[in-house]
Amino acid sequence: MGEPSLRERALRHLARRDHSRAELARKLAPHGEPAEIDAVIERMREFGLQSDERYAEAFVRSKATRFGAARLRNELARRGIDRDRIDEALAGECVESEAERARAVLRARFATPPTDAREWARQARFLQTRGFASELIRKLLKEPYDESA
């Protein structure tokens, strides 16, 4: 049995999960010439097997409950998704506001509000690594926790 063709390799990758065009090209790069790879990926796109739009929407849907818009934008850009598609995916899939998502992430990780500067910094760093804006973090860390939530 010989080496799988580029088409077969692309189908195997796409059968496991959606891939952005750039990710798929990177994974196929060791196995073919750039022109061949582009042709195979374009054919996959024509058949609806590869879609940057679908990939971006699925990515945002799966990560939005844990990360802020800045982190989602950065991650999608790293995966080769263009700015317009990122904006569309964020607008379509982030139904909760950024503040509501940040509040849920914070409360899931920390049971009580910060009591001193060190704890405040710890919680702020946590939210910052999740991609939430500094202004939003300051606002959230000033709020008292609602015991019923």
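All values below come from the heavy atoms of this structure, side chains included, with hydrogens, waters and symmetry mates left out.
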Inset, instruction - Mind checking the CG-CG spacing from Asp84 to Asp52? Nearest 0.5 Å is all I need. - result: 12.0 Å
Inset, instruction - Would you name the heavy atoms of Leu76 and Ala56 that are closest together and state the gap between them? - result: CD2-CA, 4.0 Å
Inset, instruction - List for me each residue that meets side-chain contact (heavy atoms from CB on, under 4.5 Å) alongside Ser134, sequence neighbours excluded, and say none if there are none. - result: Gln128, Arg138
Legend entry - Pairs flagged by ring-ring contact (aromatic ring centres under 6.0 Å, His included) wherever residues 2-21 is involved - sequence neighbours left out: His13-His19
Legend entry - side chain to side chain contact (heavy atoms under 4.5 Å, CB included) evaluation trace for Thr65 with Val105: CA-CA 7 Å; Thr65 58; Val105 168; over 6 Å; no
Inset, instruction - Just jot down the side chain to side chain donor-acceptor pair (under 3.5 Å) partners of Arg61, sequence neighbours excluded, or say none. - result: Glu93
Legend entry - Test side chain to side chain donor-acceptor pair (under 3.5 Å) applied to Arg85 - qualifying residues, sequence neighbours left out: Glu53, Asp82
Inset, instruction - Please indicate whether Arg83 has more than 12 foreign heavy atoms, meaning atoms of other residues, nucleotides or ligands, lying under 6.0 Å from its CZ. - result: no
Legend entry - Pair listing, ring-ring contact (aromatic ring centres under 6.0 Å, His included) test, anchored in residues 113-135, at least two apart: Phe110-Phe126
Inset, instruction - Starting at CD of Gln123, measure out to OG1 of Thr115 and round the result to the nearest 0.5 Å. - result: 8.5 Å
Legend entry - Glu98: side chain to side chain donor-acceptor pair (under 3.5 Å) partners, not counting sequence neighbours: Arg101
Legend entry - Shortest non-hydrogen separation from Ser20 to Ile81 and the atoms involved: CB-CD1, 3.6 Å
Inset, instruction - Considering non-hydrogen atoms only, spot the tightest contact between Leu136 and Ala102 and give its length. - result: CD2-CB, 3.8 Å
Sequence neighbours left out, cut at 3.5 Å: what donor-acceptor pairs do the side chains of residues 36-44 make with other protein atoms?
| residue | atom | partner | partner atom | Å |
| --- | --- | --- | --- | --- |
| Glu36 | OE1 | Glu33 | N | 2.8 |
| Glu42 | OE1 | Arg21 | NH1 | 3.4 |
| Glu42 | OE1 | Arg45 | NE | 3.3 |
| Glu42 | OE2 | Arg45 | NE | 3.0 |
| Glu42 | OE2 | Arg45 | NH2 | 2.4 |
| Arg43 | NH1 | Glu46 | OE1 | 3.1 |

Inset, instruction - Look up atom OG in Ser5 and atom CG in Leu11, then write down how far apart they are to the nearest 0.5 Å. - result: 8.0 Å
Inset, instruction - Could you please spell out the steps behind the side chain to side chain contact (heavy atoms under 4.5 Å, CB included) verdict for Glu23 and Gln50? - result: CA-CA 11 Å; Glu23 277 183 324; Gln50 190 282 321; over 6 Å; no
N/O donor-acceptor pairs under 3.5 Å from side chains in residues 67-75, not counting sequence neighbours:
| residue | atom | partner | partner atom | Å |
| --- | --- | --- | --- | --- |
| Arg71 | NH1 | Thr129 | O | 2.7 |
| Arg73 | NH1 | Asp87 | OD1 | 2.4 |
| Glu75 | OE1 | Arg78 | NH2 | 3.2 |
| Glu75 | OE1 | Arg79 | NH1 | 2.7 |

Legend entry - Set of residues satisfying side chain to side chain donor-acceptor pair (under 3.5 Å) with respect to Arg54, sequence neighbours excluded: Asp18
Legend entry - Gap between atom CZ of Arg103 and atom CG of Leu106 - 0.5 Å precision: 9.0 Å
Inset, instruction - Give, for atom OG of Ser62 and atom CD of Glu57, the distance between the pair rounded to the nearest 0.5 Å. - result: 12.0 Å
Legend entry - Where at least one partner belongs to residues 112-127, residue pairs that pass salt bridge (Lys or Arg N to Asp or Glu O under 4.0 Å), sequence neighbours excluded: Glu119-Arg122
Legend entry - Pairs touching residues 29-63 that satisfy ring-ring contact (aromatic ring centres under 6.0 Å, His included), sequence neighbours left out: none
